[in-house]
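Below: the structure, in structure tokens.
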Amino acid sequence: MKYNFRHIEQKWQNAWEEAGIFEAQDNSDKPKFYGLVEFPYPSGAGMHVGHIKAYSGLEIVARKRRMQGYNVLFPIGFDAFGLPAENYAIKTNTHPRVVTDQNIKHFSEQLKRVGFSFDWSRVIDTTDENYYKWTQWIFLKLFENDLAYRDKTLVNYCPSCKVVLSNEDSQNGKCDICGSEVIQKEKEVWYLRITKYADKLLEGLDTVDFPEAIRVQEENWIGKSKGAFVNFTIDGVDEKLRIYTTRPDTLFGVTFMVIAPEHPLIDTYADKITNMDAIKAYRDECQKKSEFERVNLVKDKTGVRIEGLEAVNPVNGKKIPLFIADYVMMGYGTGAIMAVPGHDQRDYDFAKAFGLDIIEVIKGGDMSVEAYTGDGEMVNSDFLNGYTNKKDSIERMIEYLEEKGIGEAGVQYKMKDWAFNRQRYWGEPIPIIHCPNCGMVGVPYEELPLKLPEVEQFMPGEDGKSPLAKIDSFVNCTCPKCGGAAKRETDTMPQWAGSSWYYLRYIDPKNDKALADMDKLKYWMNVDWYNGGMEHVTRHMIYSRFWHHFLYDIGAVNTFEPYAKRTAQGMVLGSDNQKMSKSKGNVVDPLEVVEEFGADTLRTYVLFMGDYGASSPWNESSVRGCKRFLDRVARLADNLQDANVSSLESKLHKTIRKVTNDIEDMKFNTAIAALMTLLNDFEAEKKVGRDQYVAFLKLLNPFAPHLTEEIWQYLGGEGFLSVSEWPVFDEAKTIDATVEISVQVNGKPREILSIAVDADQEAAEKAGLALQKIAKLVEGKRIVKVIYRAGKILNFVAK
RNA sequence: GCCGGCAUGGCGAAAUUGGCAGACGCAAGGGACUUAAAAUCCCUCGAGGUAACACUCGUGCCGGUUCGAGUCCGGCUGCCGGCACCA
């Protein structure tokens, strides 16, 4: 048979869709499998081949599981709110709805032409009002449970996009969307109290199957630390200066204190401070800096001594100087630290820069060179002297602090509450009403969805307000509680909102009574396998796990954790080994590959190119190699015979085992290599048994579904190969009677020996020594030891 | 700086618990077929060495454990990702 992909792909895609063979059944006696891939943001640029690789992993697993008799839910949707559509709308004066619909259409076509076996009857779109109705519903629940609140704080602000950004959205001090420098601005913003779920998020990690690297990353993001709060005093005033430390046992080594430039203490005691001008100047300097500059660029320690105030170390009554410095953050701990220059490098650098005392309290380092952060015997520490175990000395000190009432044990998290709003149009309206009498009131549930109003202008207001603020008919409303005149919240939710619960909606995408029906949730949850990018492991994953934990607490879902298993794919790099990007001009469009080589070749290549979890560069010659492989598969269809070729049986069954196992381990590259090897073996024979060939086609089907369906039909097969039964290997046929083992002398491989797989050591030794080369090598030497591992090696240790 | 991960031919990469390094594919070279090209098929393909074998070296670098190390341990170097003056 000749493989003409242009003639067959559309045909089979239509046939599958008409037959609905990839639609999941809500009621089924089959075991269920819920495979989830991260739904795309439908950008104007369309998909690139990286998307294809990202979806192909679970695509193969889903197709294989269907053939193995599972009821498979493998859905797709679109995470369509977000700034690019809105920025494009501003530029071209096209409504984001129109742009988004176009992009979704384009993405859908691309996905369909690659032949993904998604259940298109369940497609979702986060910007659909029937979807965001439930995003708003979840927000109201969070609000009712005191997990959504407003607070005035310094926020990352992008002067170009005119929006407030979360830390996560402004990494490296640059706006994620436009790349401009982020500045600090005081603003009242919405927060979600994710920190309240910090411990649950940590606990949950013990109940799921995440790779170690992913688990560690999430743990580090949450960043739980154990330590102590200690109350220092300020000399001459009735004020406690509270600090947090992970090393309370170094308290006797404290020689100064540092507070964040924004610390309220400064304003409280402005009249006592004699160098307010210098302090204010330093403060202003810090305000200008983005968080990036503040924490990254400043290698030299800067700061200003607070003249007129002195702190007192509560454990020894010593007076110590007080500084402000930008290396201390208001947002972590208490915004103040005790400085132990002997045993913390940052404090050491600061002490050196300002000529401050350095006291050694842990033996083992050289105070004249650097801070010593290792373990050792406690010295210069009164009652702690002589302690050598860190844990004991910390415990003893906390005991002392609690006994004297000057401090107590405590924990801190690195994770901050989630800044949850945008001053933009293209997002879910926050369903809150501000009433002058009643304060903040939630929009009544029966009024959801609170629809995005039609607007003419998408430009944000100059003050960073949402475009919604300009629409009087939207803003003005009556308070649902008292009936008086009130105003609506005009901020919208961040893009993370819609993607925090979408996996639940796939289960029941059209439900208008609940986000999903509980019986259906009970059938489908958890997501059995979630695959996506490494870059989403800390943000999206933590946010959605937080929402899920909350939904579990209010009884809206039936499981504690949403994702039973998580894996991550590596990137597809450009042929120049660089990240694909428009500016580098190295982006590969999947449709172009489909046009030139066919969808099956594209699918096979993205998985054959290397380890699924690793990044590897695109190489068109290698794409051609995969095409060649499929051509040869098709040609072989004309070389069949009725009877199986017995010499191929063992090879076939080993391949069935390998492909079956490799797919579950996401080792797609070696699965494909095994299929190529088997094809080579097939071709080496003059004829191949029809059944043997069909088993091969089934193994290949998840990778190259169009071609294998076509060949199946060409051979007169009935029904779809895509839903036929997955081959099962016969264990007995995979066991060889004889094996080739390496015969070594002193650990060096010298010969190959063909021997019965179950030969005992005596027989192996005899056979080994019978080999001419081996006999020569051990001649005249004494064999001191023989190591034999049946089926593996035979090693003569000779002297 | 901290936390992860990685480092194997000209290239992408393989290699159960330590047991024949380089499967599979690409590129390259040679040959067959062809008026020619494409396509296809056959052979070679880590380095040195040899007529061919043999043999020696070889998985980023230095050392160790072991009969045996790409794999384990200690110490480096480089690259990628994440977090980042986190107290």
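In what follows, chains are A, B, ... by sequence order, proteins preceding strands, each numbered from 1.
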Next item on the list: Tell me what A/Q412 touches on the nucleic acid: a base, only sugar-phosphate, or nothing, going by heavy atoms under 4.0 Å.
Entry: nothing
Next item on the list: Name the pairing partner of B/C41, where a pair is Watson-Crick or G-U wobble with both distances under 3.5 Å, or state none.
Entry: B/G31
Next item on the list: Would you mind classifying the nucleic acid contact of A/N680 as base, sugar-phosphate or nothing, using non-hydrogen atoms under 4.0 angstrom?
Entry: sugar-phosphate
Notebook entry, point to check: Checking all strands, does A/S225 fall into the base, sugar-phosphate, or nothing category for heavy-atom contacts under 4.0 angstrom?
Noted result: nothing
Checklist line | Aromatic A/F703 / basic A/R603 pairing, under 6.0 angstrom, 45° off normal | finding: no
Check: OP1, OP2 of B/C55 versus side-chain N and O of A/R750: anything below 4.0 Å?
Finding: yes
Next item on the list: Between A/T670 and A/A213, name the one whose nearest nucleotide on RNA chain B is closer to the 5' end.
Entry: A/A213
Notebook entry, point to check: With ring centroids as reference points, do A/F323 and A/F350 lie under 6.0 angstrom apart?
Noted result: yes
Checklist line | Assigned partner base of B/C26, Watson-Crick or wobble definition, under 3.5 Å | finding: B/G10
Margin query: Just so I know, are the side chains of A/F354 and A/F256 near enough to count as touching, which here means a heavy-atom distance under 4.5 Å?
Written below: no
Next item on the list: Check whether the ring centres of A/F608 and A/F629 lie less than 6.0 Å apart, and answer yes or no.
Entry: no
Note to self: When you measure from the side-chain N and O atoms of A/K414 to the phosphate of B/G82, is any distance below 4.0 Å, counting only OP1 and OP2?
What the structure shows: no
Item checked: Closest listed nucleotide, where the reference is the side chain of A/I337 and the choices are B/C20, B/A14, B/A87 -> B/A87
Notebook entry, point to check: In terms of side-chain geometry, is the basic nitrogen of A/E762 or A/K766 positioned less than 4.0 Å from the acidic oxygen of its partner?
Noted result: no
Next item on the list: With heavy atoms under 4.0 Å as the rule, sort A/N795 into base, sugar-phosphate or nothing.
Entry: base
Next item on the list: Under 4.0 Å between any heavy atoms, over every strand shown, what does A/D611 touch: base, sugar-phosphate, or nothing? Just pick one.
Entry: sugar-phosphate
Notebook entry, point to check: With respect to the phosphate group of B/A39, does any side-chain polar atom (N or O) of A/K2 fall under 4.0 Å of OP1 or OP2?
Noted result: no
Checklist line | Under-3.5 Å donor-acceptor pair between A/Q744 side chain and B/G19 base | finding: yes
Check: Using a cut-off of 4.0 Å on non-hydrogen atoms, how would the nucleic acid contact of A/G625 be classed: base, sugar-phosphate, or nothing?
Finding: sugar-phosphate
